[in-house]
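In what follows, a structure is listed as structure tokens, so that the remarks can point back to it.
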Amino acid sequence: MTDRAPEVALPVAGLFGVVSGAVVYQFLLPDWFPALATAATYAGAAYFYLAFDIPLLGTHVEFTDREHKFGYAVGLFGVSVGPLAVSEYAGLSNSGVLGVVVWQLGLLAFLLLSATAAHRAS
């Protein structure tokens with residue numbers, strides 16, 4: 001990470017968050033609260049992506065033992081289908097379901113990128 005990276009990453013990440021929140025508000029969930037949550041989540045993920053130059057689709061978590069890999073795969077499956085299951089159970093509309101999925105993708109990206117950034121910084 002260079003000294004200028006946070007100076008550039010923070011405003012660009014903020015812009016990315018505003019745009020993602022506006023898209024969610026305009027097309028998926030016309031409520032300020034989920035749009036704000038989505039904007040903040042994507043802004044945080046974008047900051048770590050830009051400031052630390054972390055590949056978004058790169059490997060962030062690696063396990064060598066087969067049991068650990070299986071446990072991670074099961075948990076990742078649960079995290080992936082969880083919003084769809086809860087949305088179906090709650091009877092949310094299609095745009096509501098998509099809004100939840102979009103937010104959760106940002107959540108996963110934020111958690112992975114921030115953890116990778118923390119490891120690189122230490």
Side-chain angles (χ1 to χ4, degrees):
M1 181 171 75
T2 65
D3 291 338
R4 287 190 48 139
E7 295 170 5
V8 173
L10 195 55
V12 173
L15 180 63
F16 189 73
V18 168
V19 169
S20 64
V23 167
V24 165
Y25 183 85
Q26 184 66 34
F27 298 108
L28 300 174
L29 300 169
D31 186 333
W32 70 270
F33 199 42
L36 178 63
T38 302
T41 302
Y42 275 83
Y47 172 77
F48 288 114
Y49 175 75
L50 295 168
F52 287 85
D53 193 29
I54 301 170
L56 187 58
L57 299 177
T59 302
H60 299 279
V61 179
E62 292 184 28
F63 295 105
T64 56
D65 294 340
R66 184 179 179 141
E67 294 82 12
H68 297 323
K69 287 181 181 180
F70 182 71
Y72 182 72
V74 168
L76 194 58
F77 174 76
V79 167
S80 299
V81 299
L84 299 174
V86 171
S87 298
E88 182 180 325
Y89 176 78
L92 295 175
S93 66
N94 289 338
S95 64
V97 171
L98 188 55
V100 170
V101 171
V102 166
W103 167 76
Q104 187 177 26
L105 289 174
L107 173 67
L108 292 173
F110 171 76
L111 292 174
L112 289 172
L113 293 171
S114 62
T116 301
H119 288 293
R120 284 191 181 179
S122 60

Point to revise | Leu28 and Trp103: CA distance, side-chain angles, deciding distance, side-chain contact (heavy atoms from CB on, under 4.5 Å) verdict | key: CA-CA 11 Å; Leu28 300 174; Trp103 167 76; over 6 Å; no

Exercise for review: Starting from Val79, walk the hydrophobic network (Ile, Leu, Val, Met, Phe, Trp, Tyr; side-chain heavy atoms closer than 4.5 Å) and list everyone else you reach, by chain and number.
Suggested key: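 For the cluster that includes Val79, the remaining residues are Leu108.
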
Review point. Which other residues end up in the same hydrophobic cluster as Tyr25, if Ile, Leu, Val, Met, Phe, Trp and Tyr are linked when side-chain heavy atoms come under 4.5 Å apart?
Key: none

For [X], side chain to side chain contact (heavy atoms under 4.5 Å, CB included) partners two or more places apart:
| X | value |
| --- | --- |
| Val81 | Phe77 |
| Asp31 | Phe33, Pro34 |
| Leu36 | Trp32 |
| Phe48 | Phe52, Phe110, Leu113, Ser114, Ala117 |

Practice item. Group every Ile, Leu, Val, Met, Phe, Trp and Tyr by side-chain heavy-atom contacts under 4.5 Å, then state whether Val8 and Ile54 land in the same group. Key: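 Linked, Val8 and Ile54 end up in one cluster.
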
Review point. Nearest 0.5 Å, what's the CZ-CG distance between Phe16 and Leu50?
Key: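 Separation between the atoms: 9.0 Å.
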
Review point. Can you tell me how far CG of Leu15 sits from CG of Leu10, rounded to the nearest 0.5 angstrom?
Key: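 Spacing of CG (Leu10) from CG (Leu15) equals 11.5 Å.
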
**Study point:** Worked verdict on Val102 versus Tyr42 for side-chain contact (heavy atoms from CB on, under 4.5 Å)
**Key:** CA-CA 10 Å; Val102 166; Tyr42 275 83; 3.7 Å; yes

Review point. What closest approach, in Å, do Ala39 and Gly17 show between heavy atoms, and which atom pair accounts for it?
Key: CB-O, 3.0 Å

